[in-house]
Amino acid sequence: MSKIITLGELLIDLTQQGTDENGNGKFVAYPGGAPANVAVAASRLGAETAFIGKVGDDAFGRSLADTLQKDNVDISGLYYSETTPTTMAIVSVDENGERDFSFYRKPGADIMLTGDESVSAVRKHADKGARILHIGSLSMTDSPAREACIAAVELAKEKGMLISYDPNYRAALWDSEEQAVSEMKSLLPYADILKVSDEELLMLSGTDDFEKGSAILQTMGRGADDEGISLIMVTLGADGVFVRSSTGSCCAAVPGFKVKVADTNGAGDTFLGAMLAQIVKNESLLFNLGWDELIDMVRYANRAASITCSRHGAIPAMPRAEELSSAQ
């Protein structure tokens, strides 16, 4: 029985790994896609996970399905398009390991997921006891995936599931920043758990002050009579994570771990997968979370993300539970 369900893009990350003697970039095809990354990260750290999405009925799509299965991710909600190829992201990496993205996705199979498909999969998992649905904003860039995402979230809320949300801004996939902000904000009212980068915090809240910005986002989560989004995490790259909890002592910055960076692809997804894996062990933790306990959880997730940064790729770089235990 899967406790964490993720919905969205599963794709090929064609990632740069240096250059040849003529200065041409050398690229390796890695499995990727933020929601799929989160499912694998949480699974490797002991959670039962499932993925809902669509890939092409092609060699890349079948390879991606195999990758998820090898990491014990339930793919009964993975659909295959006979007419649209598997989506591909081209990931260029600079000397500091930071990434630049371009996409082959007009169309790509991931945006062809339909509402009927997403609702059917969510209902099946919810009826078997799933507790968290994780989504990202890239499902909102195009139809029918936009409608599939909204329908899935509405059903999950109806079934009493928690919603985890990562806005995950990728400029190349939106017609404009204004469209991106509007669509990214449209999912905030559903969120119980929110992970944003410092860039996304500024886009969505209008301020780069972590405490003020996270407070603004918290109130955007629900109506005025509610406490708002229960847990907000602002990822700060090498500087760690700023965290706000509606049940704790408000806010804190939790430092990251220093490593030699290979590339940062998948680091945020590893962090979030590690947090969800800890939360789902006892769902009530989210609403009765002691401050010290929360900080320990964030440190654990930071350590997991640092290991991912020290290796190439997203999914291939993600740590297993025993690696974190030995690193304590």
Which atom names give the shortest non-hydrogen contact between [X] and [Y], and what distance separates them?
| X | Y | result |
| --- | --- | --- |
| Pro31 | Asp13 | O-OD2, 4.2 Å |
| Ser137 | Asn168 | OG-O, 3.9 Å |
| Met161 | Leu133 | CE-N, 3.7 Å |
| Gly32 | Leu64 | N-CD2, 4.3 Å |
| Ala148 | Leu113 | CB-O, 3.5 Å |

field: Stepwise side-chain hydrogen bond (donor to acceptor under 3.5 Å, both in side chains) test for Thr141 and Arg105
entry: CA-CA 11 Å; Thr141 61; Arg105 196 188 185 227; 2.8 Å; yes
query: Out of Ile111, Ile135, Leu187, which residue meets the side chain to side chain contact (heavy atoms under 4.5 Å, CB included) rule with Met140?
result: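 Testing each of Ile111, Ile135, Leu187 against Met140, the sole residue satisfying side chain to side chain contact (heavy atoms under 4.5 Å, CB included) is Leu187.
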Tell me if a side-chain donor or acceptor on [X] pairs with a main-chain N or O of [Y] at a distance below 3.5 Å.
| X | Y | value |
| --- | --- | --- |
| Asn302 | Pro255 | yes |
| Tyr79 | Glu117 | yes |
| Arg44 | Ile315 | yes |
| Ser182 | Glu178 | no |
| Tyr165 | Met184 | yes |
| Ser214 | Phe210 | yes |
| Ser2 | Thr49 | yes |
| Thr6 | Pro35 | yes |
| Thr264 | Ala267 | no |
| Arg244 | Ala252 | no |

- request: Spell out, yes or no, whether Phe257 and Val234 are grouped together once hydrophobic residues are joined by side-chain heavy atoms under 4.5 Å, including indirect joins.
  value: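 Not linked; separate clusters.
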- prompt: Do Val55 and Met112 belong to the same hydrophobic cluster, where Ile, Leu, Val, Met, Phe, Trp and Tyr are linked whenever their side-chain heavy atoms lie under 4.5 Å apart, directly or via other members?
  reply: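 Shared cluster, no.
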message: Let me confirm one number: the OG1-CE distance from Thr308 to Met318, rounded to the nearest 0.5 Å.
response: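 CE of Met318 is found 5.5 Å from OG1 of Thr308.
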message: To the closest 0.5 Å, what do you measure between OH (Tyr169) and CD (Glu199)?
response: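 One finds 7.0 Å between OH of Tyr169 and CD of Glu199.
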- prompt: Does Asp296 CG have over 12 foreign heavy atoms under 6.0 Å away?
  reply: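 Atom CG in Asp296 is packed in, count exceeds 12.
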OH (Tyr104) with more than 12 external heavy atoms under 6.0 Å: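 Atom OH in Tyr104 is not packed in, count stays at 12 or less.
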- request: Starting from the C-alpha separation in whole Å, work towards a yes-or-no answer on salt bridge (Lys or Arg N to Asp or Glu O under 4.0 Å) for Lys195 and Asp269.
  value: CA-CA 9 Å; Lys195 182 194 80 68; Asp269 303 326; 5.5 Å; no
- request: Kindly determine whether Thr86 and Asp58 satisfy side-chain hydrogen bond (donor to acceptor under 3.5 Å, both in side chains), including the steps that lead there.
  value: CA-CA 7 Å; Thr86 298; Asp58 51 34; 2.7 Å; yes
- prompt: Heavy atoms, side chains only, cut-off 4.5 Å: are Leu204 and Leu217 in contact?
  reply: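 Heavy-atom side-chain distance check passes, below 4.5 Å.
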field: Worked verdict on Arg311 versus Glu323 for salt bridge (Lys or Arg N to Asp or Glu O under 4.0 Å)
entry: CA-CA 13 Å; Arg311 305 192 284 227; Glu323 294 182 80; 2.9 Å; yes
